[in-house]
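First up is the structure itself, then whatever we jot down about it.
Here the structure is a predicted model, which is why all the values come from computation and not from measurement. Atoms within a ligand are numbered from 1 in the order they appear, just like the ligands themselves.
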Amino acid sequence: MSSLLNVYNRAAPIFVRGEGSWLHDDGGNAWLDCVGGIATTGLGHCNPVLVAALKEQADRLWHISNMFAIPGQEALAERLTVATFADLAFFANSGSEAIECALKMARRYHAARGNPERDVVIGFKGSFHGRTYGAINASGNAAYLDGFGPALPGYLQLTTDDWAAIADAIAAPTTAAVIIEPVQGEGGARAMSEALLRQLRQACDAVGALLIHDEVQSGMGRTGRLFAHQWHDDVAPDIMAVAKALGGGFPVGACLATRRAASGMVPGTHGSTFGGNPLAMAVGIAAFDEIAAPAMLAHVRAVSTHLRDGLARLQARYPETILDVRGKGLLIGVKLAVENRAFMAAARERHLLVAAGGENCVRLLPPLTISHDEADIALERLDETCNAMLGMMAA
Ligand SMILES: *Cc1c(COP(=O)(O)O)cnc(C)c1O
């Protein structure tokens, strides 16, 4: 009997070592990792640059408290704000905490301007914003809310394809903010259209509502730009949550905002014990400098095109298995006609790790550093997996 809280369905292999795109189990087998800690180990496992940054900081100073200045926070905030719409950053330990900061900031903005009645946050069906109480209410996913008491007031969710309803909701006098993932991750790698992102920006501006982007999964180079919304002009949010690949596997999140959107957040309104501690900042700075390098982002675009071309060929070869290939960059969703859990198990038999996603997808979230040769290995193993699924269907 395990002594662990039973909240995960864990796959069988026990991994003891990682290197680049590969994981090694306790039996000496190598696995090609297209889960990447769910889009978190963006620079691969045990990236030597990150390992060096962590070790160097570990010998100097681990933790002090946010009651003292932490120079690493200034350095990482400077990088993140220079590279984005944002003026300010708050550091947290996870994506959910970055979302909590974003939700609090949006409501506080209106309250501080004398409009405390503007407290409704509009989210979208199929979204995922994390597992804290605020985050599950922002996404509204019934499976995550069930049994946890009353839903919080001030949240509503709409479908992304009903613009009339969205426009009405944004125009309501109680609206504080809209929260959206520019590319839904858990929902099955669903990229929002440029038109929707721009309409949201304009509708929010028209009534003074704030726009929050959740780029916890889609950010930090995942789509081939530093942030997914940067593929488009004039869609940038007022507030953005970032985490996952920000620390390359070291727990760190950030809430970025314009000075205006953050204007309600004054000393005493928010905080965190661990958020932005020196260890997290040392790794975050090293990861940022690697990911934001133009050559890295160009590599993501090239290797994702290569992978997507291969997946399109697989879809043509196995139309009874693969219904659609979607997402953006290396946030890839493969929508299946066969049960995604069965597909994942069949892939594992070929030592290929893929993640599940909504709408019966599997997601491929390899490290940004995956090589073209490794992408070819992933495609070969997916081809074999599709073949095995055919056999299962025939049986
Ligand atoms: C993973 C994720 C979160 C939650 O992050 P945690 O670090 O698990 O709290 C929030 N939003 C999105 C889009 C995510 O993918």
Open item on the list: Taking Arg79 first and then Asp289, would you say they form a salt bridge - that is, a charged N and a carboxylate O separated by under 4.0 Å?
Closed with: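 Yes.
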Task: N or O pair under 3.5 Å between Glu181 and ligand 1 - done: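 Checking ligand 1 against Glu181, no N or O pair falls under 3.5 Å apart.
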Open item on the list: Please check whether Phe128 reaches ligand 1 - meaning an N/O of the residue sits under 3.5 Å from an N/O of the ligand, judged on distance alone.
Closed with: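 Phe128 vs ligand 1: N/O contact under 3.5 Å present.
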- [ ] Give the residue and atom name of whichever protein heavy atom lies nearest to atom 6 (P) of ligand 1, and the separation in Å to one decimal.
- [x]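 In this structure, atom 6 (P) of ligand 1 has Gly95 N, 3.5 Å as its nearest protein heavy atom.
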- [ ] Starting from atom 11 (N) of ligand 1, find the nearest protein heavy-atom neighbour and note its residue, name and distance.
- [x]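 Answer for atom 11 (N) of ligand 1: Asp214 OD2, 2.7 Å.
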Open item on the list: Tell me whether the rings of His306 and His372 are parallel (<30°), tilted (30 to 60°) or perpendicular (>60°).
Closed with: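 Answer is tilted, since the angle falls between 30° and 60°.
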- [ ] Could you tell me which atoms of ligand 1, counted from 1 in the order shown, lie closer than 4.0 angstrom to a heavy atom of Ser94?
- [x]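 Answer, ordered by atom number: 7 (O), 9 (O).
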Task: Which of the ligand 1 atoms, numbered from 1, are nearer than 4.0 Å to a heavy atom of Gln217 - done: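 Listed by number with element, the hits are 15 (O).
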Open item on the list: Please say yes or no: joined through hydrophobic side-chain contacts below 4.5 Å, possibly via intermediate residues, are Val183 and Met220 part of one cluster?
Closed with: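 No, separate clusters.
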Task: Transitive ILVMFWY side-chain link Val49 to Val252, under 4.5 Å - done: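 Result: no, two separate clusters.
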Open item on the list: Can you tell me how far apart NE2 (His129) and OG (Ser139) are? Round to the nearest 0.5 Å.
Closed with: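 Rounded to the nearest 0.5 Å, the NE2-OG separation comes out at 6.0 Å.
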Open item on the list: Measuring from atom NE2 of His213 to atom CD of Gln230, what distance do you get when rounded to the nearest 0.5 angstrom?
Closed with: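 Rounded to the nearest 0.5 Å, the NE2-CD separation comes to 11.0 Å.
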Open item on the list: Side chain, backbone, both or neither: which applies to Ser96 and ligand 1 if a contact is any heavy-atom pair less than 4.0 Å apart?
Closed with: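 Both backbone and side chain.
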- [ ] For ligand 1, note which part of Lys244 has a heavy atom under 4.0 Å away: side chain, backbone, both or neither.
- [x]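 Looking at Lys244 and ligand 1, just side chain atoms fall under 4.0 Å.
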